Amino acid sequence: KQEVTQIPAALSVPEGENLVLNCSFTDSAIYNLQWFRQDPGKGLTSLLLIQSSQREQTSGRLNASLDKSSGRSTLYIAASQPGDSATYLCAVNAGKSTFGDGTTLTVKP
Amino acid sequence: NAGVTQTPKFQVLKTGQSMTLQCAQDMNHNSMYWYRQDPGMGLRLIYYSASEGTTDKGEVPNGYNVSRLNKREFSLRLESAAPSQTSVYFCASSESFFAVGYEQYFGPGTRLTVT
């Protein structure tokens, strides 16, 4: 059974700091890995999708990497802003998806 | 372009009551999914439909049934609601269940409370 772990569970940083969110998974037989953002009381917004054959994807200040052999992905956020405050979820997709419990990020002005 | 829509947005049920959550997508996607999210946790897959005419159990199917009404619509039914089913329910869709490059798109969620 696939298990997905996100560390840390919560993170608080000052505005402008670069930060890394971690996602680890136990079964490397995946199609892709997707990072989402979730604001309180809202749905999920897709940030980045990395296919199993890819090493990284970039969108603006976000960069996601994937090391399938070690079962790890990271989401790098550059020059964090208060508007980045949200919960970030990773989902490992092998047909069916398995989600981590998320990292709640607070960026202080 | 509405994407994935869900109705209702909020619902309160008494234990033992039944209800159906509706989901529709307008992206011509083949695959659709139902998840639940409990406080402080990630999403857990309840049921999915890899293609029109098929449905399969996910991680937590007990107490639920689904119907893939057509390619656009996928409903989730609670036959006899229990307090343990208090949760936020999300519907999602994707182009294909098996392909590597297709991401999932999510609806806004239904917040269900069972008293």
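Naming: A, B, ... by sequence-line order, numbering from 1 per chain. These numbers were taken from a predicted model, which means no experiment stands behind them.
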*Using only heavy-atom distances, determine whether the side chains of B:Gln104 and A:Ser97 contain a donor-acceptor pair under 3.5 Å.*
yes
_Is there a path of hydrophobic side-chain contacts, each under 4.5 Å between heavy atoms of I/L/V/M/F/W/Y residues, joining B:Val4 to B:Leu21?_
no
*Looking only at non-hydrogen atoms, find the nearest pair between A:Gln38 and B:Phe90 and report the distance.*
NE2-CZ, 3.6 Å
_If I measure from the heavy atoms of chain B, does A:Gln54 come under 4.5 Å with its side chain, its backbone, both, or neither?_
neither
*For the hydrophobic clusters of this structure (ILVMFWY residues joined by side-chain heavy atoms under 4.5 Å, transitively), does one cluster hold both A:Tyr76 and A:Leu105?*
no
*Between B:Val60 and B:Leu112, is there a shared hydrophobic cluster once you connect ILVMFWY residues whose side-chain heavy atoms come closer than 4.5 Å?*
yes
*Identify which part of A:Leu89 has an atom lying under 4.5 Å from any heavy atom of chain B, answering side chain, backbone, both or neither.*
side chain
*asked:* With clusters defined by side-chain heavy atoms of hydrophobic residues (ILVMFWY) lying less than 4.5 Å apart, directly or transitively, does A:Tyr88 cluster with A:Leu19?
replied: yes
_Heavy-atom closest contact (B:Arg111 atom, A:Lys42 atom, distance)_ = NH2-N, 3.4 Å
*At what distance, to the nearest 0.5 angstrom, does OH of A:Tyr31 lie from OG of B:Ser96?*
8.0 Å
_Under 4.5 Å from any heavy atom of chain A, what part of B:Tyr35 do you find: side chain, backbone, both or neither?_
side chain
*Count the heavy atoms belonging to other residues, nucleotides or ligands that lie under 6.0 Å from CZ of A:Arg55, then report whether that count exceeds 12.*
no
_Engaged part of A:Lys96 at the chain B interface, taking heavy atoms whose separation is under 4.5 Å_ = both
*How about A:Leu44 and B:Leu43: do any of their side-chain heavy atoms sit closer than 4.5 Å?*
yes
*Counting only heavy atoms not in B:Arg44, do more than 12 sit closer than 6.0 Å to its CZ atom?*
yes
*So, A:Lys1 and B:Glu59, do they make that salt bridge, N to O below 4.0 Å?*
yes
*Answer yes if B:Phe74 and B:Ile46 sit in the same cluster of Ile, Leu, Val, Met, Phe, Trp and Tyr residues linked by side chain heavy atoms under 4.5 Å apart, and no otherwise.*
yes
*Which residue, A:Asn32, A:Leu49, A:Leu48, A:Leu47, forms the side-chain contact (heavy atoms from CB on, under 4.5 Å) with B:Glu103?*
A:Leu49
_Ring centre gap for B:Phe106 and A:Phe36 strictly below 6.0 Å_ = yes
